[in-house]
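A short worksheet on the structure shown next.
In what follows, every heavy atom counts, from backbone to side chain, and hydrogens, waters and symmetry copies are set aside. This structure is a prediction, so every number in the text was calculated from the model and none was measured.
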Amino acid sequence: DITSFNDAAIRQAYDYKAYTLDKKPNIYLIFVESYGSVLYKRADYRAAYTKLLGELEKQLNKEGWQATSALSESPTWGGGSWMAYTSTLFGLRIDNHPQYLSLLNKYQVQSYPDLGRYLKTQGYYYAWVSSIADELDDRMWNRYIRFLGVDQWLRYRDLNYNGPLYGWGPAPPDQYVLNYANQVLQKRTDQPLLFVTITQNSHYPWVPQPPVVEDWRTFDEMTVAPGEADAAPIESTGKRQNYLTAVEVQLRMLTDLILNSGDEESLFILVGDHQPPQVSGRFDGWATPVHVISKDQALIDVFAQY
């Protein structure tokens, strides 16, 4: 099935040459690591999660932001984030690693008609951000850049970060990464921006978590990660609470980003990549939350209807 893949029908379906965008808001497409629908499906999760969402939505509404949410089926479960975000960008279900590698090889010379490439034809500047400190070599990075058609890829070395690293990766605090990258990109281009990233701090094992701070720049001045000295190995009974805490940190951090970095036209799309490992089961399904957030009520209404 993989080797016989023919993209002729896809090229026809995703041929938007006849369409131009009337509005070109900055678009922030942020994949949220391990953000799964299990949060709706377990009673203890659901009570804490819906209370948190209600609180954050009030904060957004107070500043004129509106939101609509849905569930979307991920092509992968408990891992394989790269297949989830590539499926979204390509409009193509990619549910196994050999398929992904086949596409990665195929579209080194050819160009796949994905979301990023279409928006580039509309004048957008397409940027990706990856914050993991343990980096790939330049050859592999260039393969990803060609595969996705990215204009600029900010890596750990580009983030000017000297503070503590957290969790899996390891990686800097997502709050620092997203704000720093947005600041850099806004200065480098006057084109509308397509900003794509996947967060890191909600990746298993979920401890220690960075705090959500008032000024993201202060992370760079820290010498020890807050709470790191007290972080104990995860006990199975504590994984569920660790996961909830990680989700709360992510959603508070993203709300802070929207309130402090979004302008009147910005569009934020937050997508869970897959269900969390260790604290969910395949019987919980494969769905993940999607939130669309904007100050344009008419745009939100269109998404809500869809």
Side-chain angles (χ1 to χ4, degrees), residues 28-62 65-85 87-88 93-95 167-168 174 178 197-207 209 212 234-259 267-294 299-306:
Y28 297 85
L29 177 55
I30 300 173
F31 295 90
V32 184
E33 172 64 43
S34 299
Y35 184 37
S37 62
V38 68
L39 290 159
Y40 290 105
K41 297 187 175 188
R42 310 286 180 86
D44 55 342
Y45 278 164
R46 186 167 59 248
Y49 175 59
T50 54
K51 180 181 178 182
L52 174 65
L53 288 186
E55 176 191 341
L56 298 180
E57 190 163 28
K58 286 180 181 177
Q59 293 179 24
L60 291 168
N61 291 163
K62 186 177 179 180
W65 294 92
Q66 306 298 320
T68 187
S69 301
L71 293 177
S72 178
E73 183 177 301
S74 175
T76 182
W77 189 95
S81 304
W82 58 94
M83 291 180 278
Y85 58 67
S87 292
T88 303
R93 183 180 179 88
I94 303 169
D95 58 13
W168 183 85
D174 290 322
L178 271 62
T197 192
I198 180 167
T199 65
Q200 297 298 334
N201 300 154
S202 54
H203 194 291
Y204 182 81
W206 308 311
V207 290
Q209 281 294 311
V212 179
I234 298 179
E235 301 293 340
S236 60
T237 55
K239 290 178 184 177
R240 290 166 60 77
Q241 183 56 54
N242 291 336
Y243 174 63
L244 272 176
T245 299
V247 168
E248 179 174 359
V249 169
Q250 289 282 280
L251 294 181
R252 290 192 184 279
M253 176 275 296
L254 291 166
T255 300
D256 178 80
L257 175 75
I258 294 167
L259 292 175
L267 172 63
F268 289 85
I269 304 173
L270 313 179
V271 185
D273 60 345
H274 52 67
Q275 297 276 36
Q278 301 285 327
V279 296
S280 64
R282 299 201 176 215
F283 53 83
D284 290 308
W286 295 53
T288 65
V290 178
H291 308 295
V292 181
I293 304 167
S294 169
L299 181 61
I300 290 296
D301 290 344
V302 169
F303 274 105
Q305 182 181 11
Y306 177 76

Would a 4.5 Å heavy-atom cut-off, applied to side chains only, mark Met253 and Leu178 as touching? yes
Is the shortest heavy-atom distance from the side chain of His291 to the side chain of Phe268 under 4.5 Å? no
For the CG atom of Asp44 and the CD atom of Gln241, what is their distance to the nearest 0.5 Å? 9.0 Å
Out of curiosity, Leu270 CG to Tyr28 OH, how far, rounded to the nearest 0.5 Å? 12.5 Å
Going from CD on Glu248 to CG on Leu53, what distance comes out if it is rounded to the nearest 0.5 angstrom? 10.5 Å
Under the salt bridge (charged side-chain N to carboxylate O under 4.0 Å, His left out) test, which residues partner Asp256, sequence neighbours left out? none
Can you confirm whether Val38 sits close enough to Tyr243 that some side-chain heavy atom of one is under 4.5 Å from a side-chain heavy atom of the other? yes
Nearest non-hydrogen partners of Asp273 and Thr288, listed with the distance: C-CG2, 4.0 Å
Between CG on residue Leu56 and CG on residue Leu251, distance to nearest 0.5 Å: 6.5 Å
With a 4.5 Å heavy-atom cut-off, do Leu244 and Leu39 have their side chains touching? yes
Do Val279 and Tyr204 have side chains that approach each other closer than 4.5 Å (heavy atoms only, starting at C-beta)? no
Passes side chain to side chain contact (heavy atoms under 4.5 Å, CB included), Ile293 versus Ile258? Steps please. CA-CA 9 Å; Ile293 304 167; Ile258 294 167; 3.6 Å; yes
Could you tell me which residues satisfy side chain to side chain contact (heavy atoms under 4.5 Å, CB included) with Ala287, sequence neighbours excluded, listed by chain and number? Ser37, Leu71
Looking only at heavy atoms, which two atoms of Gly79 and Thr76 are closest? And how far apart? O-OG1, 2.6 Å
If you compare all heavy atoms of Gln275 against all heavy atoms of Asp284, which two are closest, and at what distance to 0.1 Å? NE2-O, 3.4 Å
Please find the pair of heavy atoms, one from Arg252 and one from Glu55, that lie closest to each other, and give the distance. NH1-OE2, 2.9 Å
So if I apply the side chain to side chain contact (heavy atoms under 4.5 Å, CB included) rule between Val247 and each of Tyr45, Tyr35, Trp206, which one comes out positive? Tyr35
When rounded to the nearest 0.5 Å, the distance separating OG of Ser34 from CD of Gln278 is 10.5 Å
I need the minimum non-hydrogen distance between Ile300 and Gln66, along with the two atoms involved. CD1-O, 3.7 Å
Decide side chain to side chain contact (heavy atoms under 4.5 Å, CB included) for Met83 and Asp95; before the verdict, give the C-alpha distance in whole Å, the side-chain angles of both, and the deciding distance to 0.1 Å. CA-CA 6 Å; Met83 291 180 278; Asp95 58 13; 5.8 Å; no
Return the minimal non-hydrogen interatomic distance between Pro75 and Ser87, and the atom names on each side. CG-OG, 3.5 Å
Working to the nearest 0.5 Å, report the span between CD1 of Ile269 and OG of Ser294. 9.5 Å
Would you say that Tyr85 contacts Leu29 through its side chain, given a criterion of any heavy-atom pair below 4.5 Å between the two side chains? no
Sequence neighbours excluded, which residues qualify as side chain to side chain contact (heavy atoms under 4.5 Å, CB included) partners of His203? Glu33, Trp168
Taking the side chain as C-beta and beyond, is there a heavy-atom pair between Ile30 and Leu257 under 4.5 Å? yes
Are the side chains of Arg240 and Arg42 in contact, using a 4.5 Å heavy-atom criterion? yes
